[in-house]
Undergrad: 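Have a look at this one.
Values reported hereafter were calculated over all heavy atoms of this structure, with side chains retained and with hydrogens, waters and symmetry mates removed. Here is how names work: the chains are called A, B, and so on, in the same order as the sequence lines, proteins then strands, and each is numbered from 1.
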Protein chains: 2
Amino acid sequence: MSHAASALPKLGVLGGMGPLATVDFMHKVIDATPAHRDQEHIPVIVHSVPQIPDRSTAFLSGSDAPWDYLLAGLRVLETAGADVIAIPCNTAHLWHGRLAALAHVPVLHIGKAACNAIDRRIDHVRRVGLLATSATLKARIYHNELERAGIEAVMPCASSQETLVMAGINAVKAGQLEQGRMLLRGAAEALADRQVDALLLACTEIPVALAGLTFGAPVLDATDMLARECVAWWQRALAYSPSITHTHE
Amino acid sequence: MSHAASALPKLGVLGGMGPLATVDFMHKVIDATPAHRDQEHIPVIVHSVPQIPDRSTAFLSGSDAPWDYLLAGLRVLETAGADVIAIPCNTAHLWHGRLAALAHVPVLHIGKAACNAIDRRIDHVRRVGLLATSATLKARIYHNELERAGIEAVMPCASSQETLVMAGINAVKAGQLEQGRMLLRGAAEALADRQVDALLLACTEIPVALAGLTFGAPVLDATDMLARECVAWWQRALAYSPSITHTHE
């Protein structure tokens, strides 16, 4: 077997940003996988090392501190046999270009995955409400992709961004889910009222807090869209080696 | 940093048996960790490769097929820097002794973790209802530990074991959570009626299905107890190097 197991294409998850968001992403990969038993699920290696400095704080203060941690995590995943990398942290995508350039395997982009999915899923989207960290907004991680698709990004006002969005994200990271839910719900409701065609949850802590809630506009969850991109990758990989999951029953 | 990040003690999770049980375990590790921000959570490397042959089927048919997969996964985790290994699959503990003998780092035992915790948590436990795979029961993974603690294991009758417990576990593995919940709930209720002092959920799929339910006896979740054992390991590791999580804020 060892040959067969090591020959399996594997998904690498560069996670821990935060740890709960990584678990949420893994759950969404499982949910999105058409499997009827364990052996049909995607093989995954996860690097969840949350000691990496906060991405938002670093970017907003002009620090590159997360970089070495991201690169070290990427190398661990490559050595462990990952054939494609997903990063369930939107803000970490500030470093996506540099990581992708040094990686020996493809590194998926959560913003591209989300914008491609919007294109496919919702007709006539013109305006989306963007819920994300201040760093993700400032670095225009989503803006450029959305603009390319002809979609306008609507953001919370500066004060809501600070007192509802960032405070809510930090509450989730602190394990205060109810508090995070209350704050982020307020931000989502306010955005939904601004004639948007959809809300885009573009920070991986946000869907953890808003799970199960509905708003005046459809909700698009970037974590889920990245998970679906991973499943699509797996299905393509299987198409090239269809016997993989059925060899060792 | 790279030095600091690679010097962190890391938990290795030999998972994917099944993938949902691994996610449930990771969630329980996070919940059990006294953390107020990302950086205070345990660094984890997860090997979730569900193509490993079914442990119950293998054991009951006298096959050693899972062994090579388990050993390969262990080696990946060791190479990735894991300092201790947890296996969120009770039945896989049939191979625990051989894995632990070849491992370069400690491999925790879910049954020992659970039985130690029962000792600490509940006074005067004399009988526990044991919900586990047929292989876990037949191999006496829990019986020996329980007997050492002077606790009697009460099991479902042979027909419930097949039609409720095993069918329920396989439903969870097939993604049919509601079906699994209904079947396993029936098994748990029947056991709770047999004058047990507690129910012990000793298959990692079972707490996934029974989440939020209560029964006529307190529920002890082996997954949760293994998670707490991991947190205790992490706290001991930190005690030896208290600056670890606070160096790189």
Undergrad: Minimum heavy-atom separation for B/Pro50 and A/Asp38, please, with both atom names.
TA: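 What the structure gives for the nearest pair is CB-O, 3.1 Å.
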Undergrad: Checking heavy atoms, do the side chain of B/Leu11, its backbone, both or neither come under 4.5 Å from chain A?
TA: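 B/Leu11 has no heavy atom closer than 4.5 Å to chain A.
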Undergrad: Which answer fits A/Val44, side chain, backbone, both or neither, if we ask what part of it has an atom under 4.5 Å from a heavy atom of chain B?
TA: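 Its backbone and side chain both get close to chain B.
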Undergrad: A quick test of your reading: do over 12 heavy atoms of other residues, nucleotides or ligands sit less than 6.0 Å from CZ of B/Arg75?
TA: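 Enclosed: over 12 neighbouring heavy atoms sit under 6.0 Å from CZ of B/Arg75.
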Undergrad: Locate the shortest heavy-atom distance separating B/Ile30 from A/Leu20; write the atom from each residue and the value.
TA: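 Looks like CD1-N, 3.7 Å.
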Undergrad: With respect to chain B, which residue among A/Ala58, A/Ser48, A/Gly73 yields the maximal number of heavy-atom pairs within a distance under 4.5 Å?
TA: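 Looking at each option in turn, the highest pair count goes to A/Ser48.
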Undergrad: If you look at every heavy atom in A/Asp54 and B/Gln39, which pair is closest and at what distance?
TA: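 Taking A/Asp54 first and B/Gln39 second, the nearest heavy atoms are N-NE2, 3.4 Å.
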Undergrad: Give, as side chain, backbone, both or neither, the part of A/Leu71 having an atom under 4.5 angstrom from any heavy atom of chain B.
TA: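 Neither; nothing under 4.5 Å.
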Undergrad: Heavy-atom pairs under 4.5 Å with chain A: which of B/Gln176, B/Met26, B/Met17 has the most?
TA: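 The answer is B/Met26.
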Undergrad: If you check every heavy atom in residues 97-104 of chain A against those of chain B, which residues fall under 4.5 Å?
TA: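 Within residues 97-104 of chain A, no residue comes under 4.5 Å of chain B, counting heavy atoms only.
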Undergrad: Heavy-atom pairs under 4.5 Å with chain B are the metric here; pick the option from A/Ala35, A/Gly15, A/Pro19, A/Gly16 that has the most.
TA: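 Ranked by heavy-atom pairs under 4.5 Å with chain B, first place is A/Pro19.
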Undergrad: For the pair B/Gln51 (side chain) and A/His41 (backbone), establish whether a donor and an acceptor sit closer than 3.5 Å, ignoring hydrogens and angles.
TA: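 Side chain of B/Gln51 to backbone of A/His41: a pair is present.
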